[in-house]
Amino acid sequence: MNDMKQIFKVTPLLSKTKRSYCPGCTHGVIHRLVCEVIDELDQFEKTIIVVPVGCSTLAIHYFEMDTVQAAHGRAPAVATGMKRAMPSKTIFTYQGDGDLASIGTAEIVHAATRGERITTIFVNNGIYGMTGGQMAPTTLEGWKTETSPYGRNLKKEGNPIRMCEMLSQLNGPAFIARTSVHTPANIVKTKKAIRTAFKAQINDLGFSLVEILSTCPTNWGMNPVDSLKRIENETMNYYPLGEFKKVEGL
Amino acid sequence: MSKQREILQGAEACVKGAIKAGIGFFAGYPITPSTEIAELLSTELAKEEKIFIQMEDEIASITAIIGASLAGKKSMTATSGPGFSLMQEGLGYATIAEVPIVVVNVQRGGPSTGLPTKVSQGDVMQSKWGTHGDHPVIVLSPCSVQELYEMTIQAFNLAEKYRNPVVILTTETIVHMREKVEIDPFETVDIFNRILPSINPGDTYLPYGKFSDDVPIMGNIGDGYGTSVTGLVHMENGFQSADYEVADRLVRRIHRKIEKHTSDLFDIEILNPDAETMFISYGVASRTVKSLIYTNHPEIGLVRPKTLFPIDPIKIQQATKNAKRIVVSELNLGQYYFEMQRILPHKKVHLIEKIGGELISPNEMLRRIEELHD
Ligand SMILES: Cc1ncc(C[n+]2csc(CCOP(=O)(O)OP(=O)(O)O)c2C)c(N)n1
Ligand code: SF4
Ligand SMILES: [Mg+2]
């Protein structure tokens, strides 16, 4: 045994608490990636997570660090206050699409344009998971939800919002990228993007955000495998993956 | 045709009431435990070619219904605690601009995100005083699914009549439970529509210059009268003014239009009027008292305000004048109790309260009555 090399270990930043996420939900994978990056960048002792109102409110139990659960949509404002008061800490928000792209649009846009030295992990599953499957600002055309029972109609419900494209127009962000977790290769790429985002903060380069295309099998009414396929076949067509902004030095 | 009986969930009853009252526009943002109202309306309003829109948050939701109401549509939103907090801006605006709106607040445990799925009556004082400045408000408190249906119709009527926000202050339990409701699609329910000016477009017209019982006879915006609306203190022509007399006159008139109808508006139910112990209890909390009364407790009586605000002190004083003991029971730390103490200064008023997201059971109530010291 002694001559075997350890190539993988569970990061100590993830708690052993039983998860309450639904089977096939990708919140869990994203939690692991974030914790691994923080661990690998040696930020363990310094990092504070701000969680939203949404299914990931429960993340306060799963991250072994100080946690603040903000009011719905306000995580970037709480993070701003903490980061300005404690510039040496590494502070990130973890937000859903309803939280970030609907009620919290003002907060995220202004944190980004101010160039707040915070990082945002933006989990886009195209629906309000926590409240039981209502239309989100990111819900795609034709998707049936509890509040778009006839399918999202662009004339009535308007267009889904592309946050990365919008935020990358601002001067404050140092790094803006969209990734997905629907295949192992994409999970690896997501981890890389999360690492770059935290580096932008640690190196004092500006605001950083990674949008991660995610699933909600429960409220999509699909099994986990079909949900992953839906990302490939539908979500990614409207939300292209890639880096939208990356300043020099990253 | 005989009355039609249905088993309905509170949210369904609220939606049926809104449709009966003539709702033309709903804007809202999902929040437990009010979301079912929005979800049902998203299906129902589309069928009737009326407007349903999900907005980006609660501030936008209440503001959108203000816009639609100015355009002449009967408008409503539904929310719960955290959303109600955000709506305070809109409530103040609708008050000073005199825009009829109906706001359903399905109370849950607070403060803040609090107890999202549990019952509470913690927003009583917020519904009266949540928005800044002196302002009147009409707050209705249903204690059953039937009453939620009826009060939703009533709320639209009162909003249109007084051109003032009306809050339906209900709770998680009432909106989620299923009860027998009597609804007859053919019955004639009185429906009130706002009074509109009868002058010809082009004639002299002041949106805040002509009144029916202190309520301005305003045209709908865009009707060709030349209507100007603002959240600032304004003159009769609707334009801003910082003049002392204008401001004083406006805010006093807005109060007067509601206050002078206090005794009509303040509706109460009284059970066992001669009982020794008179409870003052409203909404879901009053059901515990009722269940004792219905299970052979002649010593217990109930005064149940169906309207929480405006309060008519005389009605409360009369209904409790012979009681040996007065007990306020509510699911907060005594918000209405303090109001009752204020209007019953010569009586000892007791409080049996509960917070934490649970109802008071009849047995617990009996025990807590025993523990009272007169
Ligand atoms: C002011 C306010 N409005 C509404 C809510 C209700 N609410 C809780 S979570 C949520 C949406 C969550 O959706 P999303 O951000 O997409 O996260 P997910 O659950 O899908 O991960 C809403 C509307 C609230 N808590 N506060
Ligand atoms: S409701 Fe959707 S987002 Fe929430 S835990 Fe379940 S699958 Fe995940
Ligand atoms: Mg979501």
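Computed over heavy atoms, backbone and side chain alike; hydrogens, waters and symmetry mates excluded. Within every chain, numbering begins at 1; the chains are lettered A, B, ... in the order of the sequence lines, protein sequences first and strands thereafter.
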- Query: Which heavy-atom pair separates A:K156 from B:A46 by the least distance, and what is that distance?
  - Reply: NZ-CB, 4.1 Å
Within 6.0 angstrom of [X] [atom1], more than 12 heavy atoms from elsewhere:
X: A:N159; atom1: CG; result: yes
X: B:I355; atom1: CD1; result: no
X: B:K73; atom1: NZ; result: no
X: B:E48; atom1: CD; result: yes
X: B:E89; atom1: CD; result: no

- Note on the structure: Most contact-rich option vs chain B, by heavy-atom pairs under 4.5 angstrom, among A:M130, A:H72, A:E146, A:Q69, is A:E146
- Determine the option with the most heavy-atom pairs under 4.5 angstrom with chain B, choosing from A:T57, A:T131, A:T105. A:T131
- Measure B:T43 against the heavy atoms of chain A and call it side chain, backbone, both or neither at under 4.5 Å. both
- Proximity breakdown for B:L86 and chain A, heavy-atom pairs closer than 4.5 Å: side chain
- Working to the nearest 0.5 Å, report the span between OG1 of A:T145 and CD of B:Q54. 7.0 Å
- Query: Between B:Y29 and A:Y128, what is the ring plane arrangement, given parallel below 30°, perpendicular above 60°, and tilted in between?
  - Reply: perpendicular
- Does one side chain, of B:E39 or A:Q134, offer a donor that lies under 3.5 Å from an acceptor on the other? yes
